[in-house]
2 protein chains.
Amino acid sequence: MNLKELASRLGLSPTTVSRALNGYPEVNEATRERVMAAAKRHNYHPNTRAIRLATGRAMAVGHVIPVATRHEIVNPVFADFIAGAGETYSRNDYDMVLSVVPDDQEEAAYRGLKSKGNVDGVIVHAPKLNDPRIALLHDIGLPFVVHGRATGATLPYSWLDVNNRRAFQRAAEFLLDLGHTRIALVNGLEFMDFAIRRRTGYEAALTARALTPDPALMASDEMTEIAGHRAARRMLALPDRPTAFLVASMISGMGVRRALEEAGLQMGRDISVIIHDDDLSYMKNGDDVPIFTATRSSVREAGRMAAEMLLDLIANPGPVQQRLLEAELIMGQSTGPCPRA
Amino acid sequence: MNLKELASRLGLSPTTVSRALNGYPEVNEATRERVMAAAKRHNYHPNTRAIRLATGRAMAVGHVIPVATRHEIVNPVFADFIAGAGETYSRNDYDMVLSVVPDDQEEAAYRGLKSKGNVDGVIVHAPKLNDPRIALLHDIGLPFVVHGRATGATLPYSWLDVNNRRAFQRAAEFLLDLGHTRIALVNGLEFMDFAIRRRTGYEAALTARALTPDPALMASDEMTEIAGHRAARRMLALPDRPTAFLVASMISGMGVRRALEEAGLQMGRDISVIIHDDDLSYMKNGDDVPIFTATRSSVREAGRMAAEMLLDLIANPGPVQQRLLEAELIMGQSTGPCPRA
DNA sequence: GAATCGCCCCAAACCGCTTTGGATAGCGCA
DNA sequence: TGCGCTATCCAAAGCGGTTTGGGGCGATTC
């Protein structure tokens, strides 16, 4: 069942049927209802491919996922971000197309999406310091929203980010208030923009209390259980070991916890831990009382909002949109006063 | 730059240019090379929307992701499966479109994908007992491959699955060989097909040694850290507590580990644990020596293979394809002889 | 009563490609 | 020389919608 056939059944022209279904004013209300009813009755759904060609719009947005030729890993927060963004797309009848490409072909992937007309815009994930994708997308004229920010970018661009700097600054201050002075930072890879900002916040908090950040208490690695464990174990073996940890993610935090337990230390009493909690649906930080004290910001909600920004940007191309979210600091069972204090 | 313009620049008809680029034989080799060169020079990429309309193929496959209106969660293995499948799609110039829909609209989502012509086929995720999607897709005539199987399905269908039954049977046998008799099962939700099969394998192993499965030692819940912790804590509080755990996932396993530690028990010495390891890129089971003894099967590889099956099914519609993968049993540090033995 | 105006509807062009059904020209062969 | 064949190429018709540019007709205006 296509438009032409439906039209002929109704004794109308395709033009009128199309207009009736799309809510154009130049069609009689009675006619419109007749058309709507017939469309429903015959289970008519306009062919997306034809709409796309006729309108010149893809009705789709792209997410490019670069994938490990070198050392990177599929980001665990990705699934939740996608779930959030996907809800927005579905509600607006947009398709979400994912391009999984070797990371040395990322640029080609963006160019392809644009020149082949597969999408109307893209979300940029995991921005890095001086991320080249911003200039690239500017160049090829593909609307985009960055999830995060890219320190060093010179062009204006749309983004949605968590205030990572302030989150980690507040978390560090909280630990300082509890009397901790040897505070470790188990950070993500520091070519990632968010990791840089978190480190800055952490350092700012220490410096404000006249403490000098100790390089031995700072680790930067992938946010895996393994890496978290490795970093914590190393630091706990130091002669002047930390009494508190600031950790980049829930998963890293589980590695840190494992290291604590191996060392016979009790989290929350002997050692305090604060993590960043992306509020992942499959990795909740406790049910009633949070396991970890945490800076929390839902990445799924971020996905929802970033998608909305992008759709808006596509619908009315205008000035860039920027949105900064604050993470909450939530109390859990993993922090307490410094035992040495 | 479109086909018509490229053709006119070359002094050729669109027909010939199209054929030249698509490798049809009725075009002179010299002409073809001239066309190819011009296409590259002018950075010509055929418009996907037009190709799709003209050929009647979507050149895309769909993944429908039902999302929590009730209690389900975004599956953590999903990201890796997608990454694997996505690689296959990219290599074959297919798009991957994800539909995130409220779970009570899943059927409508599949129907929509078909009738609007957005995709040429779909991958079905997380099949349940008597999963209705199989009959549905059969009905509407959309090619599909199921990741997993659906016990109770009457129609033939294509699937790719891990031999969950045998994996858990072997794991249980391994624990039995170590002298354990009180073996707990921390399973996934048992309306999920894979969970049912795992339980069956577990029970078969016990029964074969004349042991009766104890309902108190069987839990079935979402595969989260929280749920794993909850189940293990409950079981460890039993008068006749288990000496070994068979756990459905890495993440559940971390919850179990937490419960062990809270109870002052050392994993691998006091209590043995075997998990199922999907070999997730962000959740590796140790680097050199695995943390957990595990039944392992890469879900990413499964994604790659399932996608290949589907593309093949789309290209040459034929008999159903079915593929059963065996999980490896890998030794880690979480198992040892039963201390009571 | 004629000109004007809205309201509804339609025919046809168009989006950018593929594909069908020739057309033309050169060549071998009788 | 004439005919059939093959190798190349092209015009035009789709694919299934949207959108432009009218057209007919009853009501309003003067």
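Values reported hereafter were calculated over all heavy atoms of this structure, with side chains retained and with hydrogens, waters and symmetry mates removed. The structure displayed is predicted, hence computed values, not measured ones. Lettering follows sequence order; numbering is per chain, from 1.
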(request) Round to the nearest Å and state the distance from N47(A) atom CG to dC15(D) atom P. (result) 12 Å
(request) For R57(B), look at atom CZ and say whether over 12 heavy atoms of other residues, nucleotides or ligands are found less than 6.0 Å away. (result) no
(message) So, does T31(B) get its side chain near the phosphate of dC9(D), meaning an N or O under 4.0 Å from OP1 or OP2?
(response) yes
(request) Would you kindly give the NE2-to-C1' distance between H45(B) and dC17(C), to the nearest whole Å? (result) 16 Å
(request) Report the distance from atom CD of E29(B) to atom P of dC9(D), rounded to the nearest whole Å. (result) 10 Å
(message) In whole Å, I'd like the distance from the CG atom of L6(A) to the P atom of dC10(C).
(response) 13 Å
(message) Using the side-chain heavy atoms of A50(A), tell me which of these nucleotides is nearest: dC15(D), dT18(D), dG17(D).
(response) dG17(D)
(request) Looking only at side-chain atoms of S13(A), point me to the closest of dG17(D), dC10(D), dC10(C). (result) dC10(C)
(message) Quick one: does any side-chain atom of D139(B) pair with a main-chain N or O of L136(B) as donor and acceptor, under 3.5 Å?
(response) no
(request) Rounded off to whole Å, could you give me the CD-to-C1' distance for the E5(A) and dC15(D) pair? (result) 15 Å
(request) For a side chain to side chain contact (heavy atoms under 4.5 Å, CB included) with L311(A), tell me which candidate from D120(A), V61(A), V145(A) qualifies. (result) V61(A)
(request) Look at the aromatic rings of H63(A) and H125(A) and report parallel, tilted or perpendicular, splitting at 30° and 60°. (result) tilted
(request) Would you kindly give the NZ-to-P distance between K4(A) and dC10(C), to the nearest whole Å? (result) 15 Å
(request) Would you indicate, yes or no, if dC17(C) has its OP1 or OP2 atom less than 4.0 angstrom from a side-chain nitrogen or oxygen of Y44(B)? (result) yes
(message) Over all strands shown, is R52(B) touching base, sugar-phosphate only, or nothing at heavy-atom distances under 4.0 angstrom?
(response) nothing
(request) Report yes or no: is there a donor-acceptor pair, N or O only, under 3.5 Å between the side chain of T15(A) and the base of dT19(D)? (result) yes
(message) Does R52(B) form a salt bridge (charged side-chain N to carboxylate O under 4.0 Å, His left out) with D95(B)? I'd like the steps, not just the answer.
(response) CA-CA 12 Å; R52(B) 286 176 173 160; D95(B) 273 357; 3.0 Å; yes
(request) Kindly indicate whether the side chain of R49(B) and the base of dT18(D) share any N or O donor-acceptor pair separated by less than 3.5 Å? (result) no
(message) Any side-chain N or O of T16(A) below 4.0 angstrom from OP1/OP2 of dC10(C)?
(response) yes
(request) Rounded to the nearest angstrom, tell me the gap between atom CG in N22(B) and atom C1' in dT8(D). (result) 17 Å
(message) Side chain of R19(B) only, heavy atoms from C-beta on: which candidate in dG17(D), dT19(C), dC10(D) is closest?
(response) dC10(D)
(request) Could you pick out which residue, P14(A) or V17(B), lies toward the 5' side of DNA chain D when each is mapped onto its nearest nucleotide? (result) V17(B)
(message) Check the phosphate of dC8(C) against Y24(A), side-chain N and O only, distance under 4.0 Å to OP1 or OP2. Yes or no?
(response) no
(message) Looking at dC8(C), I'd like to know if its phosphate oxygens (OP1 or OP2) sit under 4.0 Å from a side-chain N or O belonging to N28(A).
(response) yes
(request) Grab the CD-P distance between E26(B) and dC9(D) for me, whole Å please. (result) 10 Å
(message) Counting the atoms with a prime plus P, OP1 and OP2 as sugar-phosphate, which does I51(A) contact under 4.0 Å by heavy atoms, base, sugar-phosphate, or nothing?
(response) sugar-phosphate
(message) Between R304(A) and E308(A), does any side-chain N to carboxylate O distance fall below 4.0 Å?
(response) no
(message) I want to check one thing: is the phosphate of dC17(C), taken as OP1 and OP2, less than 4.0 Å away from some side-chain N or O of S18(B)?
(response) no
